[in-house]
Structures are given as C-alpha cells and as structure tokens.
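Side-chain atoms are counted along with the backbone in the values below, which use heavy atoms only and exclude waters and symmetry mates.
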Amino acid sequence: MLKIRGCNALSGFRINKILLSLQNVDQTITGIHTEYVHFAELESELMVNEYDHLASLLHYGPLPQPPDPAWHMLLVTPRPGTISPWSSKATDIVHNCGLRQVIRVERGLVWYIQSSDQALTTTTVERIKPLIHDRMTEVVLNKLDDASILFNKARPVHHTYIDIQSAGKDALSMANSEMGLAL
C-alpha cells in the first residue's frame, strides 16, 4: 500500500468549531490539525515518473507543515469492505491517466490533536471519536499503516437456507441470533 500526504482538510472556521466540541470532552485539548492522506493499492511497483504522476493527480492544494510528533494522531477512513464515492471517481481518473497498475485509490482524513497533558487517555479518545467521524460510513484507526484493511478482499460465503415453512418462527429467530441479522 502506497501512502501520499495531501492538503489541509478542513477550513479554519470548521477547525475552530470542532475544537470547541473536543474541548467540551477534554479541556486539555489545545489544538487540532487535519489533512488528507491518500492510499493506493498497487498491482506492481510504480516507476519514479509514475509515482510523480500519481502524486500530481492527488495534489489539489498546498502541502501543510507536518504537525509536532507529540500530537495524538487518529485516522478516519471509509469503512473496510466499502468503496467510497471519492475512491470510485479518483480511481477512474487515475486509470484514464494511464496508471493501470494502480488498482484502487482511497482517501483518509488524519486528525492531529494537541493536548496540554501531552497524551490523551483511552477514555478521551473514545469520547472524541463520535465527534470526528460518521459511524455509519467511516472508522477511526490509530496508525496510517492500519489503512491497509481498506484493501482487504473478503471471500464470498455460501448462502444459507432457512426453512421457515417447516420450523416456523423459531427457525427465523435462531437464524437471527446466529447470523446477527438484527431482525
């Protein structure tokens, strides 16, 4: 998996608004910085000129200064097993520009959070997560390398037959609990 840094992700207005929300969770939070990061699944390694071409396609704003390494990092990505609309369009563009060895491109949002206590507690991080991502469509990861799960291929499973004609509601209830159907 190839990683390419991107531009600032959120406007100053939005940063300030979210910072206030985060400070309601933990008053030691003193700053946040967000930037995009791009991940590419490759069929084969890119030549230098191909890498430069891909990087230029994914360059749509100035690269920010890297934040202090002491800041806590969280990575928000699309849910594993899904392909975001951004990914679909970006991958089409990359392919149309001749980079066929790029299987897929995906984008994440890196959150750097500064705290006057230097380290955020696990409890604080868990309370922050709902404020920086959409649980229905995104996940929060702890490291950039964890984004490799975006490109995992799930193997199809065989279908299951539920005989509700002979076993009735009990068969459906049992299938519901065994398969996690949330019926």
Side-chain angles (χ1 to χ4, degrees), residues 1-15 17-19 22 29 31-115 119-120 122 125-126 128-157:
M1 174 183 71
L2 183 64
K3 296 174 269 203
I4 301 174
R5 282 185 72 213
C7 62
N8 286 323
L10 302 178
S11 68
F13 173 79
R14 188 136 178 242
I15 291 280
K17 184 177 177 182
I18 294 170
L19 179 58
L22 297 181
I29 295 173
I32 56 175
H33 168 76
T34 60
E35 62 186 55
Y36 290 119
V37 62
H38 306 96
F39 304 99
E41 178 184 21
L42 303 174
E43 191 172 277
S44 62
E45 202 166 321
L46 298 175
M47 305 292 280
V48 173
N49 64 326
E50 293 168 331
Y51 173 85
D52 291 343
H53 190 194
L54 178 61
S56 71
L57 289 171
L58 298 174
H59 178 80
Y60 40 90
L63 282 179
Q65 291 292 336
D68 187 317
W71 290 30
H72 190 89
M73 191 214 73
L74 295 170
L75 172 63
V76 175
T77 67
R79 280 191 146 329
T82 66
I83 298 175
S84 71
W86 184 94
S87 175
S88 296
K89 190 49 135 177
T91 302
D92 284 347
I93 291 168
V94 167
H95 287 165
N96 288 334
C97 290
L99 294 171
R100 293 284 177 193
Q101 63 272 51
V102 177
I103 298 169
R104 186 171 132 220
V105 179
E106 192 55 84
R107 180 172 74 173
L109 178 65
V110 183
W111 291 80
Y112 294 99
I113 303 169
Q114 181 184 34
S115 172
L120 296 177
T122 304
V125 171
E126 290 305 314
I128 287 172
K129 284 181 181 181
L131 301 174
I132 65 170
H133 84 294
D134 177 355
R135 294 183 321 155
M136 295 296 287
T137 61
E138 299 171 323
V139 294
V140 179
L141 306 171
N142 295 316
K143 299 182 303 215
L144 292 177
D145 289 337
D146 292 346
S148 63
I149 64 170
L150 294 172
F151 304 114
N152 288 351
K153 307 284 189 275
R155 286 192 276 169
V157 295

Contact summary for [X] and [Y], nearest pair of heavy atoms:
| X | Y | result |
| --- | --- | --- |
| Leu58 | Val105 | CD2-CG1, 4.1 Å |
| Pro78 | Val139 | O-CG2, 4.0 Å |
| Leu144 | Met1 | O-CE, 3.8 Å |
| Ile83 | Ser88 | CG2-OG, 3.7 Å |
| Gly6 | Pro64 | O-CD, 3.3 Å |
| Thr77 | Leu150 | OG1-CD2, 3.7 Å |

Phe13: what forms a ring pair (Phe, Tyr, Trp, His ring centres under 6.0 Å) with it, not counting sequence neighbours? none
Once rounded to the nearest 0.5 Å, what's the spacing between atom [atom1] of [X] and atom [atom2] of [Y]?
| X | Y | atom1 | atom2 | value |
| --- | --- | --- | --- | --- |
| Tyr51 | Leu42 | OH | CG | 10.5 Å |
| Ile113 | Met73 | CD1 | CE | 10.0 Å |
| Leu54 | Gln101 | CG | CD | 9.0 Å |
| Ser115 | Leu22 | OG | CG | 11.0 Å |

Summary of salt bridge (Lys or Arg N to Asp or Glu O under 4.0 Å) pairs that have at least one residue in residues 92-107, sequence neighbours excluded: Arg104-Glu106
Check: [Y] and [X] side chains under 4.5 Å, non-hydrogen atoms:
| X | Y | result |
| --- | --- | --- |
| Val76 | Ile132 | yes |
| Gln114 | Asp68 | no |
| Asn152 | Pro80 | no |
| His53 | Val94 | no |
| Thr34 | Ile18 | no |

Does the side-chain contact (heavy atoms from CB on, under 4.5 Å) test come out yes or no for Glu35 and Tyr112, once each step is laid out? CA-CA 9 Å; Glu35 62 186 55; Tyr112 294 99; 4.1 Å; yes
Should we count NZ of Lys143 as having more than 12 external heavy atoms under 6.0 Å? no
Determine whether a donor-acceptor pair (N or O, by modelled atom type, separation under 3.5 Å) exists between the side chain of [X] and the backbone of [Y].
| X | Y | value |
| --- | --- | --- |
| His95 | Val102 | yes |
| Arg135 | Lys129 | no |
| His38 | Ile4 | yes |

What verdict does the side-chain contact (heavy atoms from CB on, under 4.5 Å) test give for Ile128 and Leu120, after you've listed the backbone C-alpha separation in whole Å, the side-chain angles of each residue and the deciding distance to 0.1 Å? CA-CA 10 Å; Ile128 287 172; Leu120 296 177; 4.1 Å; yes
As a quick check of understanding, evaluate side-chain contact (heavy atoms from CB on, under 4.5 Å) for Leu57 and Leu99, giving each step before the final call. CA-CA 11 Å; Leu57 289 171; Leu99 294 171; 4.1 Å; yes
Residue pair Phe39, Leu75: steps toward the side-chain contact (heavy atoms from CB on, under 4.5 Å) verdict: CA-CA 12 Å; Phe39 304 99; Leu75 172 63; 3.8 Å; yes
